[in-house]
**Student:** 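The structure under discussion is supplied below as structure tokens; questions concerning it will follow.
Throughout, residue positions are numbered sequentially from 1 according to the sequence presented.
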Amino acid sequence: MKVMSTYGSLTAYPDQKLSKRFFKNDQGEWVTLTFQYTKPFANHFNYRHAVDDNNNLRHAIPSLEMIWTTHHWPRRVFRFLLAITEINICLAKKYFNWSKKE
């Protein structure tokens, strides 16, 4: 992953939680290793669900991909961009100003 390897610094965030790994050493004893992920890896593990969440919302019924079927390439691209925009607007509204009354 080129983007992941060239992004950020090799330091941990100040508030990054400690991660633990357990393994057996050469003598057969269980060893606990405690560490903090560096910034590129911390961002990856913290936000890797964002694309999956967006795709799940985009494919929810009614989805543009199911309703507006086409084989014309420019319309497919437009349909995809329209669906992504719709979900991003919904997520932004939910994050910034969606009250419980709505």
Side-chain angles (χ1 to χ4, degrees):
M1 292 185 166
K2 186 174 183 179
V3 173
M4 196 167 157
S5 66
T6 59
Y7 166 77
S9 64
L10 295 178
T11 60
Y13 287 112
D15 57 345
Q16 177 71 28
K17 68 177 187 172
L18 291 174
S19 298
K20 291 184 179 181
R21 297 294 178 264
F22 304 97
F23 63 93
K24 283 187 179 181
N25 62 9
D26 295 337
Q27 289 80 26
E29 301 167 337
W30 282 99
V31 178
T32 302
L33 178 68
T34 306
F35 63 95
Q36 288 181 315
Y37 284 113
T38 58
K39 289 180 182 179
F41 298 101
N43 285 335
H44 170 73
F45 287 116
N46 290 337
Y47 302 110
R48 63 184 168 188
H49 64 85
V51 173
D52 291 334
D53 293 349
N54 198 311
N55 283 338
N56 288 337
L57 289 171
R58 188 169 56 88
H59 290 141
I61 295 175
S63 71
L64 283 175
E65 283 83 2
M66 291 171 44
I67 295 171
W68 186 8
T69 57
T70 182
H71 296 289
H72 190 244
W73 182 248
R75 288 187 189 141
R76 280 182 152 182
V77 173
F78 177 71
R79 180 185 65 187
F80 172 76
L81 294 174
L82 190 62
I84 292 292
T85 303
E86 176 190 19
I87 296 305
N88 287 342
I89 289 170
C90 179
L91 291 173
K93 182 178 178 184
K94 180 180 172 185
Y95 180 79
F96 288 110
N97 65 357
W98 203 316
S99 68
K100 294 184 187 228
K101 295 177 184 176
E102 294 183 36

**Student:** With sequence neighbours excluded, what pairs up with Thr11 under the side chain to side chain donor-acceptor pair (under 3.5 Å) test?
**Tutor:**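 Thr11: side chain to side chain donor-acceptor pair (under 3.5 Å) contacts with Ser9.
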**Student:** Taking atom CG of Leu91 and atom CZ of Phe96, what is their separation to the nearest 0.5 Å?
**Tutor:**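 That separation rounds to 11.0 Å.
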**Student:** Please give me the minimum heavy-atom distance between Tyr13 and Gln36, naming the atom from each residue.
**Tutor:**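 That closest heavy-atom pairing would be O-NE2, 4.3 Å.
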**Student:** According to side chain to side chain contact (heavy atoms under 4.5 Å, CB included), who are the partners of Lys20, at least two apart in sequence or on a separate chain?
**Tutor:**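 Listed in chain order: Phe22, Thr32, Thr34.
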**Student:** Please enumerate all residues that pass side chain to side chain donor-acceptor pair (under 3.5 Å) together with Arg48, with sequence neighbours excluded.
**Tutor:**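 By the side chain to side chain donor-acceptor pair (under 3.5 Å) rule, Arg48 matches no residue at all.
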**Student:** Kindly write out the residues that satisfy side chain to side chain contact (heavy atoms under 4.5 Å, CB included) with Asn25, not counting sequence neighbours, or none if the list is empty.
**Tutor:**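 For Asn25 the side chain to side chain contact (heavy atoms under 4.5 Å, CB included) partners, ignoring immediate neighbours, are Gln27, Glu29, Val31.
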**Student:** Dump the intermediate steps for side chain to side chain contact (heavy atoms under 4.5 Å, CB included) on Leu33 and Phe23, then the final yes or no.
**Tutor:** CA-CA 8 Å; Leu33 178 68; Phe23 63 93; 3.9 Å; yes
**Student:** Which ILVMFWY residues can you reach from Tyr47 by hopping between side chains whose heavy atoms are under 4.5 Å apart?
**Tutor:**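 Besides Tyr47, the cluster holds no residue at all.
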**Student:** Testing the basics here: between Gln16 and Tyr37, what is the closest heavy-atom pair and its distance to 0.1 Å?
**Tutor:**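 Shortest heavy-atom contact: CG-O, 4.0 Å.
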**Student:** Residues two or more places apart in sequence or in another chain: which of them pass side chain to side chain donor-acceptor pair (under 3.5 Å) with His71?
**Tutor:**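 None.
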**Student:** My understanding is that a hydrophobic cluster links ILVMFWY residues whose side chain heavy atoms are under 4.5 Å apart, including indirect links. Using that, what else belongs to the cluster containing Ile89?
**Tutor:**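 Besides Ile89, the hydrophobic cluster comprises nothing; the residue is isolated.
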**Student:** Applying side chain to side chain donor-acceptor pair (under 3.5 Å), can you list everything that pairs with Asn46, at least two apart in sequence or on another chain?
**Tutor:**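 Residues passing side chain to side chain donor-acceptor pair (under 3.5 Å) with Asn46: none at all.
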**Student:** Is it the case that atom CG in Asp15 sees more than 12 heavy atoms from other parts of the structure closer than 6.0 Å?
**Tutor:**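 Result for CG/Asp15: enclosed.
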**Student:** Mind listing the side-chain donor-acceptor pairs of residues 72-84 below 3.5 Å, one per line with the distance, residues two or more places apart or on another chain?
**Tutor:**
from, atom 1, to, atom 2, distance (Å)
Arg76, NE, Thr70, O, 3.2
Arg79, NH1, Trp68, O, 2.6

